[in-house]
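Before any comments, here is the structure.
Please read these numbers as outputs of a predicted model, since none were measured by experiment.
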Amino acid sequence: ALPILSACQLTAIESEAFHAMEKLNHVYLNHNKLSVLSSNAFYNLSQIVLNFAENNIQVIPKKLLDGISGYSIINLSHNPLACTCANMEFLTWLQQNKERSEEH
């Protein structure tokens, strides 16, 4: 399954938006206006590639990272990620999981 939601002017992803899609393996949400990601939008999905490139994302919720299991890859390139305390857990996660980022 390859949901391609690129360049759709999306501003948010709702809670449990992809929860029932167990066989989902790629989600293309690049080139949107996303600024907030629900911490459980992708909960319990494994071996998934999430493309969030070129949005307005500043903070990555730790629960979002905890909910994605298995070998998953996240592309967050070209987002204005904040280097603040709000992102401290994400930055720590990123250091420990460089292989799960497409920008490593």
Side-chain angles (χ1 to χ4, degrees):
L2 292 170
I4 299 174
L5 300 168
S6 301
C8 293
Q9 304 297 313
L10 298 174
T11 57
I13 301 298
E14 297 296 322
S15 177
E16 298 184 8
F18 297 93
H19 184 70
M21 300 178 172
E22 296 172 359
K23 296 185 191 252
L24 192 64
N25 55 19
H26 286 76
V27 179
Y28 296 94
L29 291 162
N30 52 310
H31 296 280
N32 279 294
K33 296 181 178 181
L34 296 174
S35 59
V36 177
L37 298 173
S38 172
S39 61
N40 64 348
F42 303 96
Y43 183 75
N44 211 25
L45 296 176
S46 62
Q47 297 183 7
I48 188 166
V49 175
L50 300 172
N51 187 346
F52 297 123
E54 299 193 40
N55 278 283
N56 296 316
I57 301 167
Q58 294 183 13
V59 176
I60 306 298
K62 174 80 164 71
K63 285 185 178 182
L64 172 75
L65 303 170
D66 290 342
I68 301 169
S69 60
Y71 182 74
S72 298
I73 296 174
I74 302 171
N75 183 345
L76 291 162
S77 62
H78 304 286
N79 278 284
L81 295 172
C83 190
T84 64
C85 292
N87 255 349
M88 189 59 69
E89 290 182 86
F90 164 68
L91 295 172
T92 301
W93 179 91
L94 186 60
Q95 283 295 106
Q96 296 170 349
N97 296 278
K98 288 181 182 177
E99 72 282 355
R100 294 175 75 175
S101 169
E102 285 194 337
E103 287 292 303
H104 66 279

Could you grab the distance from atom NZ of K63 to atom CD of E89, nearest 0.5 Å is fine? 10.5 Å
Under a 3.5 Å distance rule, please check whether N32 uses its side chain to pair with a backbone N or O of N55 as donor and acceptor. no
Using the test side-chain contact (heavy atoms from CB on, under 4.5 Å), find all partners of V36 that sit at least two apart in sequence or belong to another chain. none
Please lay out, stage by stage, how L50 and F18 fare under the test side chain to side chain contact (heavy atoms under 4.5 Å, CB included). CA-CA 12 Å; L50 300 172; F18 297 93; over 6 Å; no
Minimum heavy-atom distance between Q58 and P80, given as atom pair plus value: CG-O, 3.3 Å
Grab the two heavy atoms, one from I57 and one from I60, that are nearest each other, plus how far apart they are. CG2-CD1, 3.4 Å
Donor-acceptor contact below 3.5 Å, side chain N75 vs main chain S77: yes
Give a yes or no on whether L64 and V59 share a hydrophobic cluster (residues Ile, Leu, Val, Met, Phe, Trp, Tyr; joining criterion: side-chain heavy atoms under 4.5 Å apart). no
Using the side-chain contact (heavy atoms from CB on, under 4.5 Å) rule, pick out the option among N25, I74, L24 that qualifies with I48. L24
Would you give the length of the straight line joining atom CG of L91 to atom CG of L81, rounded to the nearest 0.5 angstrom? 8.0 Å
Among residues at least two apart in sequence or on other chains, which ones pass ring-ring contact (aromatic ring centres under 6.0 Å, His included) with F52? F42
Without placing hydrogens or testing angles, list every side-chain donor-acceptor pair under 3.5 Å for residues 5-13, not counting sequence neighbours.
| unit_1 | atom_1 | unit_2 | atom_2 | d |
| --- | --- | --- | --- | --- |
| S6 | OG | N30 | OD1 | 2.6 |
| Q9 | OE1 | K33 | NZ | 2.9 |

How about Y43 and E16: do any of their side-chain heavy atoms sit closer than 4.5 Å? no
Could you pull out all residues at least two apart from S15 that satisfy side-chain hydrogen bond (donor to acceptor under 3.5 Å, both in side chains)? N40
